[in-house]
Amino acid sequence: MVVKNVCCIGAGYVGGPTCSVIAWKCPDIKVHVVDKSEMRIKQWNSDKLPIYEPGLDDVVKECRGKNLFFSCDIEKGIKEADLIFISVNTPTKTFGIGKGRAADLKFVEACARKIAEVAEGHKIVVEKSTVPVRAAESISHILSANTRPDVSFQVLSNPEFLAEGTAVTNLLYPDRVLIGGEESAGGDEAVAELMWIYTHWVPKEKIVTTSTWSSELSKLASNAFLAQRVSSINAISAVCEATGADVSQVAAAVGLDSRIGPNFLQASVGFGGSCFQKDLLNLVYIAECLNLPEVAMYWQQVTDMNEYQRTRFAKRIVECLFNTVTDKTLAVFGFAFKKNTGDTRESPAIYVCSHLLEEGARLNIYDPKVEPKQIEHDLTSSSVTDDPERVQTLFSTYSDPYEAAKDAHAIVVLTDWDEFKNFDYKKMLDSMKRPAFIFDGRKMLDHSALIKLGFHTETVGKRFARNALLRASGEHFPAFSWTP
Ligand code: UDX
Ligand code: ADP
């Protein structure tokens, strides 16, 4: 069999970019991306794609209508395909057994049942969504228990390692492509078919094959290791704030050790995104189920540290603003979980803003890509507030950062958008209440320039001596005490 037709179920952050790049790099393959959401499909077929991802518009424009198609016709997609990617969402369960930790596999299961119902002939089913270990086995069970004699399946695991904001580059130049398959002749054949697709643009030595379970666990472990690095440097940032060390200097020194390396050591207000938290909790849940409580506790601490970092930052804002933010106006710059994406899933901004709203602050929120409706949804959702009506009256969204900063007591930077570095902070300061504060949760602005301008400046993992001098001399504002 040579794969001629690929179907991808789920046109989200993973399925959309991945299959667009496959279509671009494999003109000999027809790629059909299907989704149950008519709205999503309509957007994929329009000039404004449903997700913002640098470089993606050009790829989609190049292939759409030629060998890349987006539709809601899931059955047709499945029937025509030789190989089917399952790229649906696997959120953390919000109810029942494993609530708050286990991944909810209802969407994956629905796909498996749909495939079993309509498929004809032989199909390779590839699990792309992040799933708990042994999910491929469950998919196989559902498929084999529901199929007719003339239909057969091979299930593979091919986890996606793309990061949002750099998805197209990550897909074009992956560190590795991981394919897990059943250890049998049929499994090897299916692995070879999927490998053939990737060899259109990925060097063979970068394609790694493993057992299905190793592949599934590698995805969880990779995200857990990355999240652990962020929590480790954030833990050190708390020590820096308490001692006078600078976390950037510590990170640079630590990262020079070639065994450690420099990446993912940027202290921040905490990690967000759809994967880190979900995968960590999933790993914790699996460890608990396997009766490995020490392993579960170890990984749980990585997410606990993340929560501590977010809360610590919010508390520091309140404490610096003379222990109250009630009725004070704070301009919030950035709501996405990181730069170059409009995605807000698990964004630290949601938690920091909720904490400030809880304290009665008024928030003027500016983000270059996040839709106001999304911000409203995130801040009024039942998982973050008991009183959505009150919260609704306390925040506004802005499309102009200068308007957002007008008459504000403080600016709070929560996402690392590059454009924030180039704002005219003098102009902002002139329109703000005094003393004017700036809280840089991403450690990305020119702090000495801000202090020179007259901002009281606070950031993660560092305390400023000049701020302290100002404090002592009472030059700009009354002294206050801040206990870390
Ligand atoms: C992550 C993994 O990187 C990717 O391989 C996987 O497929 C999906 O999950 P993503 O969530 O898109 O990707 O973004 P990532 O760049 O990993 O950042 C995650 C969070 O950590 C962001 O909130 C980011 O701001 C934060 N972060 C990252 C830091 O706070 N400090 C760092 O040094 C790096
Ligand atoms: P991810 O970040 O994992 O890609 P998203 O939420 O961005 O997650 O995308 C998942 C997509 O899968 C959504 O567009 C959703 O509508 C789609 N989806 C979920 N279940 C099904 C299903 N059973 N059939 C078709 N599409 C589905």
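We count ligands from 1, going down the list as the structure has it; atoms in each ligand are counted the same way. Treat the numbers as computed from the prediction; the structure is a model and nothing was measured.
- Side-chain contact check for Phe333 versus Ile438: every heavy-atom pair is 4.5 Å or farther apart.
- The immediate protein surroundings of ligand 2, defined as residues with any heavy atom under 4.0 Å of it, consist of Ile9, Gly10, Gly12, Tyr13, Val14, Asp35, Lys36, Ser37, Arg40, Ile74, Ser87, Val88, Asn89, Phe107, Ala110, Cys111, Arg345.
- Ordered by chain and residue number, the residues placing a heavy atom less than 4.0 Å from ligand 1 are Glu160, Phe161, Leu162, Ala163, Glu164, Lys219, Asn223, Leu226, Val230, Phe264, Leu265, Gln266, Ser268, Phe271, Gly272, Cys275, Phe276, Phe337, Lys338, Arg442.
- At a threshold of 4.5 Å between non-hydrogen side-chain atoms, the residues Pro91 and Lys278 do not count as touching.
- Ring geometry for Phe439 versus Phe437: interplanar angle under 30°, hence parallel rather than tilted (30 to 60°).
- Tyr351 is linked by a ring-ring contact (aromatic ring centres under 6.0 Å, His included) to nothing, counting only residues two or more places apart in sequence or in another chain.
- A cation-pi arrangement, defined by a distance under 6.0 Å to the six-membered ring centre and an angle within 45 degrees of its axis, is present between Arg176 and Phe161.
- Cation-pi contact between Lys369 and Tyr52: present, with separation from the ring centre below 6.0 Å and deviation from the ring axis of at most 45°.
- Residue pairs that meet the salt bridge (Lys or Arg N to Asp or Glu O under 4.0 Å) test with at least one member in residues 156-171, sequence neighbours left out, are Lys128-Glu160, Glu164-Arg345.
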Report the C-alpha separation of Thr243 and Arg463 in whole Å, then their side-chain angles, then the decisive distance to 0.1 Å, and conclude whether the side chain to side chain donor-acceptor pair (under 3.5 Å) test is met. CA-CA 9 Å; Thr243 57; Arg463 300 179 77 178; over 6 Å; no
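- No option in Asn223, Thr92, Thr90 other than Asn223 meets the side-chain hydrogen bond (donor to acceptor under 3.5 Å, both in side chains) test with Asp279.
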